[in-house]
Amino acid sequence: MAANVVDPSVTAAPLALPERVPRHVAIIMDGNGRWAAARGLPRSEGHRQGTENLRTIIRAAVEFGVEILTIYAFSTENWGRPRREVRLLLKILEMVIDRELRELHSNGVQIRHIGELDGIPPGIQRKVIHACEYTRHNTRLILNVAFNYGGRDEIVHAVRRIVQDGIPSDSINEDLIASYLYTSGLPDPDLIIRTSGELRVSNFLIWQGSYSEYYATDTLWPDFNREQFLLALIDFSKRRRRFGLTAAQVEDDHDLSETLPS
Ligand code: FPP
């Protein structure tokens with residue numbers, strides 16, 4: 001830990017950005033419903049506040065130098081929620097594109113969609129495709145929006161396409177499978193954050209997260225602010241990643257992720 005980093009519960013001194021910032025951070029944004037219920041508000045208000053918070057965290061990711069931010073906005077299982085809530089979450093996706101695209105673009109954010117476009121209403125599909133096209137040359141932050149995303153579903157689709165492409169079985173290895181995933185070409189997440197105290201993976205990046213560091217906080221997503229995000233990055237900077245090796249093999253300042261096969 002850098003000398004000037006202090007526990008915020010002891011003093012209100014500002015936190016310092018650690019030297020080692022994760023390249024790729026993924027977030028399970030959980031707790032919108034409970035945030036609303038705790039205030040006697042409808043769940044929709046929790047999602048609205050959660051969407052506001054997303055702006056804060058995207059800005060913070062740019063500020064902290066995170067290269068890739070992956071957010072879990074809607075899972076393949078979320079279709080089972082009440083119809084009104086599903087409609088609202090689709091509407092939020094559309095609204096975020098309509099209202100935020102220009103600002104995201106001017107801040108150098110490249111939007112990518114991970115998940116199945118099929119199943120999303122055609123008008124919103126078109127907007128998603130447009131947002132990805134419009135921002136494709138931006139390099140400051142890659143924002144992967146996982147919408148209609150499921151980790152198992154992703155692997156099923158990858159296997160289908162491998163078979164359709166006639167890949168011989170002896171050519172199938174981990175790199176090949178990774179190249180058929182939605183995240184093809186991107187490094188695996190270094191850090192996966194889950195808010196709201198739940199300790200589950202929930203079908204999120206189950207292939208890519210094999211050696212990710214996990215960080216769970218009781219804070220509900222709408223309350224997960226810039227400082228909380230920074231605390232997660234500081235926590236990450238203190239982890240010693242071993243990738244299956246022994247502690248003795250892992251030199252303190254050696255970033256193993258650069259030497260291991262992706
Ligand atoms: C989980 O909280 C949250 C979601 C399923 C939706 C996350 C969506 C946003 C934060 C808005 C941004 C969305 C887009 C499309 C960019 P929950 O509803 O499961 O909360 P609970 O567990 O407390 O009920």
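First listed ligand is number 1; within each ligand, the first listed atom is number 1.
Ring-centre distance between Y215 and F236: not below the 6.0 Å cut-off. Ring-centre distance between Y134 and H105: below the 6.0 Å cut-off.
Contacts with ligand 1 closer than 4.0 Å are made by side-chain heavy atoms of R81 only, the backbone lying farther away. At a heavy-atom cutoff of 4.0 Å, ligand 1 is contacted by the side chain of L54 but not by its backbone. When non-hydrogen atoms are compared, ligand 1 lies under 4.0 Å from neither the backbone nor the side chain of F74. If you look at W221 next to ligand 1, the close heavy atoms, those under 4.0 Å, all belong to the side chain.
With hydrogens and angles disregarded, a donor-acceptor distance shorter than 3.5 Å links the side chain of T195 to the backbone of D30.
The protein heavy atom nearest to atom 24 (O) of ligand 1 is R43 NH1, 2.9 Å. When only non-hydrogen protein atoms are considered, atom 20 (O) of ligand 1 lies nearest to G33 N, 3.0 Å. With respect to atom 1 (C) of ligand 1, the closest heavy atom belonging to the protein is M29 O, 3.2 Å. Protein heavy atom nearest atom 22 (O) of ligand 1, with residue, atom name and distance: R34 NH2, 3.0 Å. Nearest protein heavy-atom neighbour of atom 11 (C) of ligand 1: T51 OG1, 3.3 Å. Of all protein heavy atoms, the one closest to atom 13 (C) of ligand 1 is I92 CG2, 3.7 Å. Nearest protein heavy-atom contact of atom 10 (C) of ligand 1 is N32 ND2, 3.4 Å.
For the pairing with D190, the salt bridge (charged side-chain N to carboxylate O under 4.0 Å, His left out) check across R20, R241, R23 returns one residue only, R241. With L143 as reference, V109 is the one residue of V109, L54, T70 to meet the side chain to side chain contact (heavy atoms under 4.5 Å, CB included) rule.
Residues L220 and L88 fall into different hydrophobic clusters, defined by Ile, Leu, Val, Met, Phe, Trp and Tyr side chains chained together at heavy-atom separations under 4.5 Å.
For R81 and W79, the positive end is not near the middle of the six-membered ring at less than 6.0 Å and at most 45° from its axis.
For ligand 1, the atoms lying closer than 4.0 Å to a non-hydrogen atom of F147 are 15 (C). Shown in contact with L93 at under 4.0 Å from a heavy atom are these atoms of ligand 1, numbered in order with element: 15 (C).
The option from G31, G46, S202 that lies nearest to atom 2 (O) of ligand 1, judged by heavy atoms, is G31. For the residues S196, A73, G197, the heavy atom positioned nearest atom 7 (C) of ligand 1 is part of A73.
Smallest separation of non-hydrogen atoms from N148 and D118: ND2-O, 3.0 Å.
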Next item on the list: Would you sort out whether D235 and R239 count as a salt bridge (Lys or Arg N to Asp or Glu O under 4.0 Å), showing the intermediate values?
Entry: CA-CA 7 Å; D235 191 86; R239 308 268 182 103; 2.7 Å; yes
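Ring geometry for F74 versus F147: interplanar angle under 30°, hence parallel rather than tilted (30 to 60°).
Remark: distances from the non-hydrogen atoms of V145 to ligand 1 are all 4.0 Å or more.
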